[in-house]
Amino acid sequence: MLEHGGKLRHAAQHYGIPLQQWIDLSTGLNPQAWPMPDIPASAWQRLPEDDDGLDNVAQYYYGAAHCLPVAGSQAAIQSLPQLYKLTGIKLRVGMLAPAYAEHAYAWRRAGFDIISLAASEIEAQVNRLDLLLIVNPNNPTGHTFEPVQLLRWHQQLASRGGSLIIDEAFMDPTPEKSLATYTDQKGLVVLRSLGKFFGLAGARVGFVFAEPDLLYRLEELLGPWPVSGPSRIIASAALQDRGWHARTRKGLQQQSQRLARLLIDKGLSATGGTALFQWVETVDAESIHQQLARQAILTRLFSEPSSLRFGLPADEQQWQRLEMALIELDYMDENSDSLREAAGR
Ligand SMILES: Cc1ncc(COP(=O)(O)O)c(C=O)c1O
């Protein structure tokens with residue numbers, strides 16, 4: 001299986017630092033998660049019922065006509081290639097790269113060849129593809145595609161019977177850029193997650209938006225009760241908490257800007273980012289990752305390209321600790337000037 005952020009126990013053991021001392025910046029999850037209500041005992045005791053109103057609540061929040069709740073968007077990421085494979089049609093699949101690696105992994109595992117595309121290469125290639133997969137905003141680069149451009153690509157693909165799949169796991173802070181509203185059109189699939197903006201990754205809830213026929217086939221493939229009763233209750237309540245959505249959108253943008261400024265101040269200017277993380281491309285990524293880990297701060301290290309993703313600190317104490325740790329950094333790689341300049345060396 002692929003590597004992911006959030007492996008705090010592993011880091012604690014590897015660096016010999018007790019678990020409770022760590023700051024986890026290795027994911028892009030909101031550290032101030034939506035506050036959990038009490039869950040009635042019946043939610044644990046009874047089988048989940050799919051006419052409990054969650055579909056309507058989700059359709060309203062995401063602005064879409066049809067939806068399928070799934071056990072985290074990861075469940076759909078793994079199943080969609082299987083679904084397309086069942087059609088028996090050979091597809092030329094283009095995929096944004098670098099991006100959330102589970103997509104390429106799942107399509108390759110299902111037997112598809114993938115054409116990896118940088119954001120700037122898609123326009124020239126889209127007419128040669130049957131299926132295009134984009135993560136918007138992208139993880140980890142933070143690159144954001146404009147809806148008009150995506151809709152144009154969708155039209156180009158759909159006019160030849162093709163499809164556009166968009167993973168919008170990090171879209172909640174910028175809902176105006178979502179394509180969920182357009183998913184009643186054939187060949188357009190949008191994935192959303194309750195893990196990032198709501199900070200409820202452990203609940204394992206995501207949604208797929210697409211035309212009813214595709215959702216029906218995906219539902220058949222996934223089988224009954226993909227989302228647990230307690231998670232359905234939490235999802236429904238979180239999606240309806242409009243005051244919290246508005247406050248959180250504003251708060252996350254401010255915190256993300258603060259993080260970008262802090263990193264610049266310490267000589268690590270972000271190459272890209274979203275409201276939930278900043279991404280720094282640097283040849284020193286591995287060294288910085290290790291030095292921060294020795295101070296019990298876990299970041300997400302990427303090797304292709306050499307880079308680090310920083311999630312948001314949870315509270316003022318964590319901000320102070322991150323700042324101190326960044327001041328302490330020592331850069332060994334001779335290719336990295338910006339850091340030495342920042343440190344006055
Ligand atoms: C871009 C992106 N999409 C989807 C997922 C899967 O999230 P979940 O299964 O929790 O909805 C992740 C997880 O990190 C992600 O980064």
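One-based numbering along the sequence shown. Ligands are counted one by one from 1 in listed order, and the atoms in each one are counted from 1 as well. Predicted, not measured: the structure shown is a model, and the values here were computed from it.
- In summary, the side chains of Ser159 and Gln155 do not present any donor paired with an acceptor at a separation below 3.5 Å, with no hydrogens or angles considered.
- When all heavy atoms of Trp319 and Leu259 are compared, the pair lying nearest together is CH2-N, 3.6 Å.
- Remark: among candidates Arg300, Arg204, Gln74, the nearest residue to atom 10 (O) of ligand 1 is Arg204, based on non-hydrogen atoms.
- Under a 4.0 Å criterion applied to the non-hydrogen atoms of Val135, ligand 1 contributes the atoms 1 (C).
- Considering His4, Lys196, Met171, Glu102 only, the shortest heavy-atom separation from atom 13 (C) of ligand 1 involves Lys196.
- Aromatic rings of Phe197 and Phe170 (six-membered ring for Trp) have centroids beyond the 6.0 Å cut-off, not under it.
- Protein heavy atom in closest approach to atom 16 (O) of ligand 1: Asn139 ND2, 2.7 Å.
- Between Arg192 and ligand 1, no N or O atom pair is found at a separation short of 3.5 Å.
- For the pair Gly195 and ligand 1, no heavy-atom separation below 4.0 Å is found.
- One side chain, Gln278 or Ser256, offers a donor N or O that lies under 3.5 Å from an acceptor on the other.
- Using a 4.0 Å cut-off between heavy atoms, Ser73 contacts ligand 1 through both its backbone and its side chain.
- Side-chain contact check for Asp172 and Tyr61: at least one donor-acceptor pair (N or O, by modelled atom type) lies under 3.5 Å.
- Closest to atom 5 (C) of ligand 1 among all protein heavy atoms lies Tyr100 CE2, 3.4 Å.
- With no hydrogens or angles considered, a side-chain donor-acceptor pair links Gln74 and Tyr100 at under 3.5 Å.
- Close approach of ligand 1 to Gly72 is summarised as follows: ligand atoms under 4.0 Å from at least one heavy atom of the residue are 9 (O), 11 (O).
- The aromatic ring centroids of Phe302 and His289 lie 6.0 Å or more from each other.
- What sits closest to atom 3 (N) of ligand 1 on the protein, heavy atoms only, is Asp167 OD2, 2.6 Å.
- Residue Ala169 approaches ligand 1 through these ligand atoms, each under 4.0 Å from one of its heavy atoms: 1 (C), 2 (C), 3 (N), 4 (C).
- Put simply, CD on Gln290 and OG1 on Thr299 are 10.0 Å apart, with the number rounded to the nearest 0.5 Å.
- Close approach of ligand 1 to Ile77 (heavy-atom distance below 4.0 Å) involves ligand atoms 4 (C).
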